[in-house]
Amino acid sequence: MTDKNKRKRPLVADRRYPGKAKPKPKTSARAKPATRKAAPARRKAARTKRPRRGGIIGFFAGLARWIWRLIWTITWRVSLVAFLVLALAVGYIYTTIPPLEALLDGRARGSVTMLDREGEVFAWRGDQFGGVVSADSVSKHLRNAVIATEDKRFYNHLGVSPRGIASAVRINLSEGRGPLSGHGGSTITQQTAKLLCLGEPYDPSSGMTEKEYEAECRRSSLGRKAKEALFAVAMEIKYSKSDILSIYLNRAYMGGGAFGAEAAAQRFFGKPAAALSPSEGAMLAGLLTAPTTLSPTNNLDRSQSRAATVIRLMEDQGYLTAAEADEAIANPAQLSEAAEAEAGGYFADWVMSSGPEFFTRNTTEDVIIKTTLDQRIQRAAEEGLKWVFENKVRDTSKAQAAIVVMSSDGAVRALVGGRKTKVAGAFNRATQAMRQTGSAFKPFIYAAALDLGYSPEDIIVDEPYCLNIPGSGEWCPKNYTKNFKGPVSLTDALKDSLNIPAVKVSESVGRETVSAVATQFGIKSDLAAGPALALGASESTLLEMTGAYAGILNGGSSVTPYGLVDLRLLGETEPLMGTGGGINERVIQEDAARQLVYMMEKVISEGTGQRAQFGDRQLAGKTGTTSANKDAWFVGFSADYVAGVWMGYDDNTPLTGVTGGGLPAEIWRETMSRVHDGLPLKELPMQAPAPPSNLSEAQPEPQPQPRQPQGGGNQGGGGADNVIDRVLRDIFGGGSSGSGASAPAPSFLDR
C-alpha cells in the first residue's frame, strides 16, 4: 500500500480557518461522480435535531401533553364501556316491554256510566275509558295540539331531548326551584314511560296502596329520570312514533275521571275524539299539564284560557293558519249538557252508594247503570232552590236546604243534597242528614187513627193538657201559637198543625200503633218512645220522609225509594240486577189513605201550607218545624209527584224567622211549579168524609186517659177503664176496629 492511498489528515491551519475554500480532491478518470441523495438526508437530520425548549416551561408543557393523552385514553375507554352497558340496559328493557295492545288501557278500576230514565248519559264515576283510539284515528287537531304543547320535536328525537332537558333545568333554576322541580323537559315518549310506571305494574301484595303506587310512579329523582330515559329509548326502538303517541292518548288522565282522549271527548263534549274541533282539541291538550285544576267542569273560563294558549302554539308551529287560530279563540269549546250537570251531582253519588260495592265504588269492570233520574225535574229542583235563596234569603246566610222529588212508587226523579248543586262526593243532606221531623210526622198519627176507624171530622178538644211521664214528671205540650182553639175536627187539627190534639190522638190509638205505621211507611230510624213521638221528636232523613208520603199518595202501600233501574256490564245486553225498590206491602186501608189525602189537601188550601199553592192544581202536604226552629220541613204531593224539602243549618243553629210553612214551602212551590209546567191537571186521590150528626153538640171531653193497645202494654195509664169501654162497645156495638188493634176510647173524641 503506497502513501498516496492513505487519507491525509487535516492540517491545523485548516481547522483554524474553516471558511476558506478547500481544494477539490483530484479524481481519477474511472472514479464515479458523487450522487445528490445525501443532501435531503442532511436536511432531514437538521430538522430532527432542532433543540427542545428547556426549563420549567418545557416541563409543564410535557406534563400537560401527558395528562391530556391519559384523559383521552381513559375517556374513550370509559365511554365505550358506558355505551355497552347502556346498550345492554336498553336491550334488556326492550325485551320486557309488552305488546302494544296490552298498554292501551292502564286503568286500575273500571268505570260506571249512568243513564237517566230516557237512556241518556248524565253521569260518570270511576276510571272512565271510552275505548281504544290511535294517533291516526283521533282528530288531527287533537294530535297536533298535543305535539305542539307537550313535545314539538317529537318526530325528531330518539326518546330523549337533551335540548329540552337543558332548557327545563335553566327555567327551573331561574325561577328559584331545583333543577328537577317544575318543568321537566320530558318528551312525549318519556311521559308515556312514566304513565307505564317504567314497566312496573301495581302489585296489591307489595303493601302499597294504589294511591301510593301512583305517587311513586310520578316521583322525580336523578335515578328515576335516568331509568325513564332508558325506558324511553327502548320504547323508541320497540314502537313507531305513531304507536307511542297512541299509548299516550289512551292512558293520559284528562280530568273528570276520564282516562284517554276518547273518554275525555265524550265526558266534556259528548262526541268522539275523531270529531273534535281545533278549540276542543286544544282544550283537551291543555288539560295534560294539570288535569284536575284545568278541568272545564271545575273552571270553564280557566280551561278556555289555557286552550287559547295552546291554539297560539299550534299557529306558531304551522298546524293552524292565523285565520283558523283566530276563529278557534273567538269560539272556545263549550261543555255538553251532561258535563254541565257536573256528573250527576248528589243523585249520582246516592246511586253509587246504594248499589253493590263490587259493581259501583270498587268495580273492576265497566258498568252501565240505568236510573230513574228525570233531568228536566232535576233542573226544576235546582232552579227552584236557587231562586228562593237568591230572592228570599240574605246573601250571608249559611243555611242549607235539600230537595227530593219522586213518583208515588218510590222512583226518585230528582235529588238535591245542598245549595251547591254542581258537586260530586259532597255531604248529601237529602240522604245522610238525620234531622228531627217536627210536625211533618203528624200525618202518620192520623193515618193510624183513620185506619182504626176514626173520621176526619171527628172532634177533639184543643185545651191545656198534661201527662205524667214516669221518671220525668209532668209534661205539658203547647201549641206553636201558645193559644187553644177548643173543639176542633181532626182535619182542622192537622190543617193548623195543633200539637195538643196530635198528642191526644197518639195517646188514644197508642204510641206503638203510631210507631208501627210510621215504620212500615219507611221511617227506619229509632222512633221516640214517649208522648213526644207525636210532635216529631224522632229523626229521619228527607229521603225517608218523602218516601213515606209517597205511600200516602199511592193508596196506603209503603215504598222503598230507589234510583237504580238495572245494572249491566259494558257490551252486555242482559242486566245483572234490576230495580232495588218500588211499592211494598199495604200499611193502611185505601179508604184511610184517601181520607188522609183529603185532610192534607186542607193544609195547603186553607192551613199552614198555603204558601205552597200554585195554579189551580190540587195539592196536599204538611209543614214541619222542630223545637227552637232548628229544622223546617215541607213535604207534599200532587197527583203526579211527591216532593220533600228540608231547611236548616248543618251545626243545628236555629233558623231565624223560618218555619216549615215559610221558606221550605216556597222552595217546594218553586220546584213543583216547574216540575208540573205543561202537565195536565189531575185530581188528588182523596175522599171527603160525611160530617158527623152530633158535630153541633160537641162538648169538651173529660181529661183523656190513653188506651192500652190490643196485645200490648199500658201506654199511659187508665188501662182498666179502657177494658170496660171495650167490653161495653162489644156488647152495644159502639165504635169500630181495624188493622188488628182495638177501637179508640170514647173519652178522647166526641163523635
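Nearest heavy-atom pair across Met114 and Ala348 is CE-CB, 3.6 Å. For the residue pair Val404 and Ala430, the shortest heavy atom distance occurs at CG2-CB, 3.8 Å. Nearest heavy atoms, Ser137 versus Ala274: O-CB, 3.3 Å. Heavy-atom minimum distance, Ile667 versus Ala401: CD1-CB, 4.3 Å. For Gly547 against Pro561, the heavy-atom pair with the smallest separation is CA-CG, 4.1 Å.
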### Message
Working note: Gln432 + Thr541, criterion side-chain contact (heavy atoms from CB on, under 4.5 Å); need CA distance, chi angles, decisive distance, verdict.
### Response
CA-CA 7 Å; Gln432 295 175 291; Thr541 66; over 6 Å; no

### Query
Are His157 and Asp151 close enough, and set up right, to give a side-chain contact (heavy atoms from CB on, under 4.5 Å), and what steps lead you there?
CA-CA 10 Å; His157 59 65; Asp151 186 4; 2.7 Å; yes

### Test side-chain contact (heavy atoms from CB on, under 4.5 Å) applied to Thr297 and Arg267, step by step
CA-CA 10 Å; Thr297 53; Arg267 170 70 179 88; 3.7 Å; yes

### Query
Hey, mind stepping through Asp136 and Ser134 against side chain to side chain donor-acceptor pair (under 3.5 Å) and telling me if it holds?
CA-CA 5 Å; Asp136 298 325; Ser134 69; 5.0 Å; no

### Query
What do the steps show when you test Lys241 against Thr189 for side chain to side chain donor-acceptor pair (under 3.5 Å), and what is the final call?
CA-CA 9 Å; Lys241 289 288 187 179; Thr189 312; 4.6 Å; no

### Message
If you apply the rule side chain to side chain donor-acceptor pair (under 3.5 Å), what do you find for Arg251 with Thr192, and how did you get there?
### Response
CA-CA 8 Å; Arg251 294 184 71 106; Thr192 304; over 6 Å; no

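Remark: Ile237 CD1 is packed, more than 12 non-hydrogen atoms of other residues, nucleotides or ligands lying under 6.0 Å away. Within 6.0 Å of NZ in Lys238 there are more than 12 heavy atoms belonging to other residues, nucleotides or ligands. Atom CZ of Phe83 is surrounded by 12 or fewer heavy atoms from other residues, nucleotides or ligands within 6.0 Å. Remark: Tyr92 OH is loosely packed, at most 12 non-hydrogen atoms of other residues, nucleotides or ligands lying under 6.0 Å away.
With respect to the salt-bridge test (charged N to carboxylate O, under 4.0 angstrom), the residues Glu228 and Arg224 do not qualify. Ion pair Asp566/Lys370 not flagged as a salt bridge, since none of the NZ, NE, NH1 or NH2 atoms sits closer than 4.0 Å to an Asp/Glu carboxylate oxygen. Between Arg429 and Asp650 there is a salt bridge, since at least one side-chain N of the basic residue sits less than 4.0 Å from a carboxylate O of the acidic one.
Contact check for Thr546 versus Trp646: no side-chain heavy atoms found under the 4.5 Å cut-off. The shortest side-chain heavy-atom distance between Asp349 and Arg125 falls under the 4.5 Å cut-off.
Every pair tested for salt bridge (charged side-chain N to carboxylate O under 4.0 Å, His left out) that includes a residue from residues 395-407 fails, sequence neighbours excluded, so the list is empty. A disulfide bond (SG atoms under 2.5 Å apart) check over residues 214-282, counting only residues at least two apart or in different chains, returns the pairs Cys197-Cys217. Applying the side chain to side chain donor-acceptor pair (under 3.5 Å) test to residues at least two apart or on different chains, the pairs with a partner in residues 306-329 are Thr289-Arg306, Arg312-Glu315, Arg312-Asp326, Thr321-Glu324. Sorted by first and then second residue, the pairs that involve residues 277-286 and meet side chain to side chain donor-acceptor pair (under 3.5 Å), not counting sequence neighbours, are Lys271-Glu280, Ser277-Ser279, Ser277-Glu280.
Note: Arg376 CZ to Asp116 CG = 12.0 Å, rounded to the nearest 0.5 Å. Note that OG1 of Thr671 is 10.0 Å distant from CD of Gln378, once rounded to the nearest 0.5 Å.
Here Phe269 pairs with nothing under the ring pair (Phe, Tyr, Trp, His ring centres under 6.0 Å) rule; sequence neighbours left out. Contacts of Lys227 classified as salt bridge (charged side-chain N to carboxylate O under 4.0 Å, His left out), with partners at least two apart in sequence or in another chain: Glu200.
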